[in-house]
Engineer: 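Just passing along the structure, written as structure tokens.
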Amino acid sequence: MSAAESLLELVTLTKNFGGLVAVKDVSLSVRAGEIVSIIGPNGAGKTTIFNLISAFHRPSAGDIRFLGRSIAGLSPHRVALMGIGRTFQIVKPFPNLTVLQNVMAGAFARTDDIRAAREKAFSVLEMTGLAERAAQPARGLTLGGRKRLEIARCLATDPKVILLDEVVAGLNPREAEETINLIMRLRGLGVSAVAGVEHVMRVVMAISDRIVVLNHGQKIAEGPPAEIARDPQVIEAYLGEEYHHGR
């Protein structure tokens, strides 16, 4: 895939923490409207890659390109304004603000008009199924509700790409299904997604156009879900024979 076709592109990305190589020579790209999942065992480097893309860390080597421009070294605020949104594995809404006010906080990234921010936030709440809870304090939401609120707050910033960090982990089957449906609707809004749902393979297989597999900070496989599910290297490193034979 050429850089011209890519919305987001990682080019031989490497990140060292002292003597620890957390990510080594990882290259991948995301097209507009595409859902790419990054999976791998604990410590594989997925969260580090998310932190690099969203500018919480700076690369030790390699480059990150968004809309054809290098963003390596920019501030997290600047990267967010360019159109890269991010959720976090541990969700921390503003507990004493209402659900609507939490999402308005995201909308203020694009406007300083209170009415415009409120209208944007409410439209996002309608889309994410949280409109009925708009006036409720965020602390009263279930884990599933808080995770959807995290996505809603991110969507209010009008991202072109959203990095979804473990948005299904810990949810019950109904909540997981609702979240899958929400992720699948993102492409209709012109939002691409890079999803890290590494421990919920049913979700990975359901939502992904492509899957990238990391192990020990390196990319060991990339391809469509059906291909990844039968890749011997992936089975050995992550899925296990039980998953392979259970299909």
Side-chain angles (χ1 to χ4, degrees), residues 1-3 5-31 34-80 82-90 154 159-169 192-201 203-204 207-225 227-228 231-239:
M1 182 188 305
S2 70
E5 295 175 312
S6 303
L7 186 63
L8 174 68
E9 187 175 24
L10 312 187
V11 184
T12 58
L13 196 63
T14 295
K15 179 62 181 177
N16 304 323
F17 295 100
L20 172 67
V21 182
V23 173
K24 184 177 181 182
D25 294 332
V26 171
S27 295
L28 64 89
S29 55
V30 181
R31 296 184 181 95
E34 189 175 33
I35 298 177
V36 177
S37 288
I38 302 176
I39 67 171
N42 287 330
K46 173 189 64 65
T47 297
T48 299
I49 284 178
F50 275 24
N51 286 337
L52 288 165
I53 296 171
S54 52
F56 288 96
H57 297 323
R58 293 194 174 199
S60 302
D63 198 11
I64 305 165
R65 304 190 68 79
F66 182 61
L67 298 173
R69 174 188 169 184
S70 175
I71 61 171
L74 296 182
S75 68
H77 176 72
R78 182 63 187 150
V79 167
M82 288 180 70
I84 296 179
R86 164 83 188 271
T87 71
F88 291 86
Q89 183 177 349
I90 300 173
C154 184
K160 295 179 178 68
V161 170
I162 184 169
L163 309 176
L164 301 168
D165 197 351
E166 300 265 359
V167 291
V168 180
S192 302
V194 183
V197 283
E198 58 185 24
H199 298 305
V200 189
M201 287 308 300
V203 177
V204 171
I207 69 172
S208 305
D209 296 306
R210 279 187 297 124
I211 298 173
V212 173
V213 188
L214 301 179
N215 194 30
H216 301 300
Q218 295 181 281
K219 184 171 76 172
I220 63 169
E222 179 178 356
E227 182 180 304
I228 291 298
D231 186 301
Q233 237 188 323
V234 178
I235 293 168
E236 180 180 354
Y238 181 58
L239 295 180

Engineer: Are any of the side-chain heavy atoms of I64 and L8 separated by less than 4.5 Å?
Structural biologist: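 Yes, their side chains come closer than 4.5 Å.
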Engineer: Would you mind reporting whether Q233 and N215 have side-chain heavy atoms less than 4.5 Å apart?
Structural biologist: no
Engineer: Only counting residues at least two apart or in another chain, list the ones meeting side chain to side chain donor-acceptor pair (under 3.5 Å) with S54.
Structural biologist: R86
Engineer: By side chain to side chain contact (heavy atoms under 4.5 Å, CB included), which residues pair with Q218, not counting sequence neighbours?
Structural biologist: K24
Engineer: Give the minimum heavy-atom separation between L214 and P41, together with the two atoms involved.
Structural biologist: O-CD, 3.5 Å
Engineer: What's the separation between atom CG in L28 and atom CZ in R210, rounded to the nearest 0.5 Å?
Structural biologist: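 Answer for the CG-CZ pair, L28 versus R210, is 7.5 Å.
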Engineer: If I take atom OG1 from residue T87 and atom CG from residue D165, how far apart are they, to the nearest 0.5 angstrom?
Structural biologist: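 It comes to 5.5 Å.
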Engineer: Please list, chain by chain and in numerical order, all residues satisfying side chain to side chain contact (heavy atoms under 4.5 Å, CB included) with V79, sequence neighbours excluded.
Structural biologist: A55, I71, L74, I84
Engineer: The criterion is side chain to side chain contact (heavy atoms under 4.5 Å, CB included); which residues satisfy it with N16, sequence neighbours excluded?
Structural biologist: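 Residues passing side chain to side chain contact (heavy atoms under 4.5 Å, CB included) with N16: T14, V21, S60.
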Engineer: Could you tell me which residues satisfy side chain to side chain donor-acceptor pair (under 3.5 Å) with S27, sequence neighbours excluded, listed by chain and number?
Structural biologist: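 Result, side chain to side chain donor-acceptor pair (under 3.5 Å) vs S27: none returned.
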Engineer: How far does CZ of F88 sit from CZ of F50, to the nearest 0.5 angstrom?
Structural biologist: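 Here the interatomic distance stands at 10.5 Å.
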Engineer: In this structure, are over 12 heavy atoms from other groups packed under 6.0 Å from I90 atom CD1?
Structural biologist: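 Result for CD1/I90: open.
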Engineer: Going by the rule side chain to side chain contact (heavy atoms under 4.5 Å, CB included), which residues pair with A221 if we only count those two or more places apart in sequence or in a different chain?
Structural biologist: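 If we apply the side chain to side chain contact (heavy atoms under 4.5 Å, CB included) test to A221, skipping adjacent residues, the hits are V213, I228, D231, V234.
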Engineer: Run the salt bridge (charged side-chain N to carboxylate O under 4.0 Å, His left out) test against K219 and tell me which residues pass, sequence neighbours left out.
Structural biologist: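 With sequence neighbours excluded, K219 shows a salt bridge (charged side-chain N to carboxylate O under 4.0 Å, His left out) to E222, given in chain and number order.
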Engineer: Holding to ring-ring contact (aromatic ring centres under 6.0 Å, His included), I want the full list of residues that pass it with F66, two or more places apart in sequence or in another chain.
Structural biologist: none
Engineer: Quick one: CD on E9 to CZ on R65, what's the gap to the nearest 0.5 Å?
Structural biologist: 7.5 Å
Engineer: Taking side chain to side chain donor-acceptor pair (under 3.5 Å) as the definition, give me every residue that meets it alongside S208, ordered by chain and number, with sequence neighbours left out.
Structural biologist: S37
Engineer: In chain order, what residues pass the side chain to side chain donor-acceptor pair (under 3.5 Å) check against D209, with sequence neighbours excluded?
Structural biologist: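 So D209 forms a side chain to side chain donor-acceptor pair (under 3.5 Å) with R187.
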Engineer: What are the two closest heavy atoms between L52 and K15, and how far apart are they?
Structural biologist: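 Nearest pair, atom of L52 first, then K15: CD1-CB, 3.8 Å.
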Engineer: Check R31 against S192 and note the closest heavy-atom contact, atom names and distance.
Structural biologist: O-OG, 3.2 Å
Engineer: Is the NE2 atom of H57 crowded by more than 12 outside heavy atoms at less than 6.0 Å?
Structural biologist: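 Atom NE2 in H57 is packed in, count exceeds 12.
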Engineer: If you measure from CD1 on I53 to CD1 on I38, what distance do you get to the nearest 0.5 Å?
Structural biologist: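 CD1 of I38 is found 6.0 Å from CD1 of I53.
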Engineer: Heavy atoms, side chains only, cut-off 4.5 Å: are P225 and V204 in contact?
Structural biologist: no
Engineer: CG/L13 to OG1/T48 distance, rounded to the nearest 0.5 angstrom?
Structural biologist: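 Those atoms lie 10.0 Å apart.
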